[in-house]
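Have a look at the structure below, then the notes.
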Amino acid sequence: MKNGHNLIKLEVRSHPRYLRLIRNATYDIAMICGFTEDEAKDLRLVIDEACTNVIKHSYQYDYSKPIILNFFLYDDRFEMLIEDCGMKVRPSQIRSREIDNVKPGGLGVYIIKKLTDIMEYDPTGKDGPRLRLVKYTKKR
Amino acid sequence: MKNGHNLIKLEVRSHPRYLRLIRNATYDIAMICGFTEDEAKDLRLVIDEACTNVIKHSYQYDYSKPIILNFFLYDDRFEMLIEDCGMKVRPSQIRSREIDNVKPGGLGVYIIKKLTDIMEYDPTGKDGPRLRLVKYTKKR
Amino acid sequence: MEINSREENGVNVIILDGEVDISSTDLIRGKFKKLIDEKKKKIVVDLANVPYIDSSGLGLFVETMQEMGKYGGELKLAGLTDDVKKVFELTRLTNFFSIFAEEKEAIESFK
Amino acid sequence: MEINSREENGVNVIILDGEVDISSTDLIRGKFKKLIDEKKKKIVVDLANVPYIDSSGLGLFVETMQEMGKYGGELKLAGLTDDVKKVFELTRLTNFFSIFAEEKEAIESFK
Ligand SMILES: Nc1ncnc2c1ncn2[C@@H]1O[C@H](COP(=O)(O)OP(=O)(O)O)[C@@H](O)[C@H]1O
Ligand SMILES: Nc1ncnc2c1ncn2[C@@H]1O[C@H](COP(=O)(O)OP(=O)(O)O)[C@@H](O)[C@H]1O
């Protein structure tokens, strides 16, 4: 299966009730793309963490804003591009805390980084910030 | 939960491998919208039949074309708008066969009509034909 | 879609595992075609592990049944899950096919 | 998310049923808050029916554990499914919490 073009697009509002839909869709897409069940579950968690951060940080819990998810499959990698039109921050501000200094928050970015190969936050998108997440496929 | 605006948009290519994703997403969305499990399963079947017809008839099995699904929730109804950019036919051509004259094909439109309250095929959309499916919510 | 098959007492049993839609009907059709080419008269399709079916699956069974009818064969269905049974009922195909709760019963009915 | 609870031998058992993410953490937090307000020292959370958890759920447990620590209480976890356990391992929280295979063991460990 070789595809360089935009595979799938999912647009929802920034309401937590859509997280489950987003997770299930991501899992299905990852399975279609040939990832193993475990890898698909990892990507399901990654997208949840990324969208939760959009709701919390970018939209400050405003549940009525758009979240646009784009899924691309290339020969060597799977990409997820998460677009929103909320608050932009400096990329350096998207960072996880020290993992061994246990605190209630600050685990989302850590999980995303741990389970993907590239995490790139770009605040300069036309409509708002975008988070680009890349996972290389096994065949690499 | 009251929403008059576009709830959710899902865009995929016209490949059968996406049918499962489309079905699962529709099921999740219907559940979010407050339908019962049985109703959500009906809507899952309806969307499968509609998208299968787009792949077969509108795109003549070209698997690389866009299918755009829009889900709306109004106070009294749930709407699915299925857009493609393939062949347009006269609305009268979208019709099921006589159900008691058993033949291999011709069950899709019958199922769609049976499980929804309104089925409207509009070949005059800007980019191509659109199928509008409406299911009233119980609270009506 | 995973397809397994075996022969038991002269009955060809086809066991389907997975959802049936146009992404899997060609595979299943291929399996049926072989049996039809060999003019097999007794086929049982075990649907116990089929959680979902759409009209393309129903159409395939109707098609196969009608092809088999031409040489006096019959396709019987077994083990339908509730969701799958509902689609057969919706399209009034429950009368067109012999449907059994268990694969075993379907096989024995051919005796 | 469905939450059930009971008291057994002075231990407050919270049984969660469903996926844990920010759509359910407020509900769970409310349950914990009541017990913390009453300075309950022994809480067991039964996660056997939680197929999924994200960092907002982990954060909530850490928060609750730390609040309870202030008055000498402890939160213990039981029945983690494989997928949920993996998220605890990924974030190295398996050492931070006392984790038990069965709810019963977790309750008894408080004796
Ligand atoms: N989409 C985002 N927009 C703005 N800031 C973000 C976004 N995602 C993460 N951040 C920043 O990165 C920090 C770390 O995020 P995370 O690890 O998920 O922990 P938490 O959300 O619990 O603080 C956040 O506190 C926030 O400052
Ligand atoms: N999206 C579509 N575009 C063009 N024609 C369609 C479309 N959907 C249905 N039709 C027409 O309606 C007929 C009935 O469709 P259906 O009941 O699904 O049965 P089948 O697809 O097996 O023929 C089709 O044969 C076709 O002519």
Side-chain angles (χ1 to χ4, degrees), chain A residues 1-35 37 39-41 43-44 47-48 51 54-55 59 62-74 78-85 127 137, chain B residues 1-35 37 39-41 43-44 47-48 51 54-55 59 62-74 78-85 127 137:
Chain A
M1 193 173 71
K2 301 196 171 194
N3 281 288
H5 58 270
N6 189 337
L7 263 185
I8 296 154
K9 199 181 183 107
L10 175 62
E11 180 174 342
V12 298
R13 298 286 137 178
S14 52
H15 196 291
R17 72 177 174 225
Y18 297 125
L19 284 173
R20 194 181 141 78
L21 163 68
I22 292 171
R23 284 197 298 266
N24 289 347
T26 303
Y27 179 85
D28 284 345
I29 294 166
M31 291 299 286
I32 291 167
C33 290
F35 284 106
E37 256 183 62
E39 288 167 332
K41 282 176 183 175
L43 292 167
R44 178 176 71 173
I47 200 98
D48 171 318
C51 292
V54 169
I55 297 172
Y59 287 138
D62 180 338
Y63 292 169
S64 67
K65 302 289 182 184
I67 301 181
I68 302 166
L69 306 168
N70 304 275
F71 302 87
F72 306 85
L73 183 72
Y74 297 96
F78 177 60
E79 291 203 13
M80 305 191 278
L81 185 69
I82 297 137
E83 301 175 290
D84 67 76
C85 56
D127 301 311
T137 45
Chain B
M1 195 173 67
K2 301 197 171 194
N3 280 291
H5 58 271
N6 189 339
L7 263 186
I8 296 153
K9 199 183 184 107
L10 175 62
E11 180 174 342
V12 299
R13 299 285 139 180
S14 52
H15 195 292
R17 73 177 174 224
Y18 298 126
L19 284 174
R20 193 182 141 80
L21 163 68
I22 292 170
R23 285 197 298 267
N24 289 347
T26 302
Y27 179 86
D28 283 346
I29 295 166
M31 291 299 286
I32 291 168
C33 291
F35 285 105
E37 256 183 61
E39 289 167 332
K41 283 175 182 173
L43 292 167
R44 178 175 70 173
I47 201 98
D48 171 317
C51 292
V54 169
I55 297 171
Y59 288 137
D62 180 339
Y63 291 170
S64 66
K65 302 289 183 185
I67 301 181
I68 302 166
L69 307 169
N70 304 274
F71 302 88
F72 306 85
L73 183 72
Y74 297 97
F78 176 61
E79 291 203 13
M80 305 191 279
L81 186 69
I82 297 136
E83 303 174 289
D84 67 78
C85 55
D127 302 311
T137 45

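Here is how names work: the chains are called A, B, and so on, in the same order as the sequence lines, proteins then strands, and each is numbered from 1.
With values rounded to the nearest 0.5 angstrom, B:Tyr18 atom OH is found 6.0 Å from A:Ile32 atom CD1. Atom CG in B:Leu21 sits 10.0 Å away from atom CG in A:Asn24 (nearest 0.5 Å). The CG atom of A:Leu19 sits 12.0 Å away from the CG atom of B:Asp28 when rounded to the nearest 0.5 Å. In this structure, CD1 in B:Ile8 is found 11.5 Å from NE2 in A:His15, a value given to the nearest 0.5 Å. Atom CD of B:Glu11 is separated from atom CG of A:Asn70 by 9.0 Å, given to the nearest 0.5 angstrom. To the nearest 0.5 Å, atoms CZ (A:Arg20) and CD1 (B:Ile29) are separated by 12.5 Å.
Residues A:Leu7 and B:Arg17 come closest through the heavy atom pair CD2-NH2, 4.1 Å.
B:Met80 is linked by a side chain to side chain contact (heavy atoms under 4.5 Å, CB included) to B:Thr26, B:Leu43, B:Val46, B:Ile47, B:Phe71, B:Phe78, B:Leu133, counting only residues two or more places apart in sequence or in another chain. Judged as a side chain to side chain contact (heavy atoms under 4.5 Å, CB included), and not counting sequence neighbours, the contacts of A:Glu39 are A:Phe35, A:Thr36, A:Lys138.
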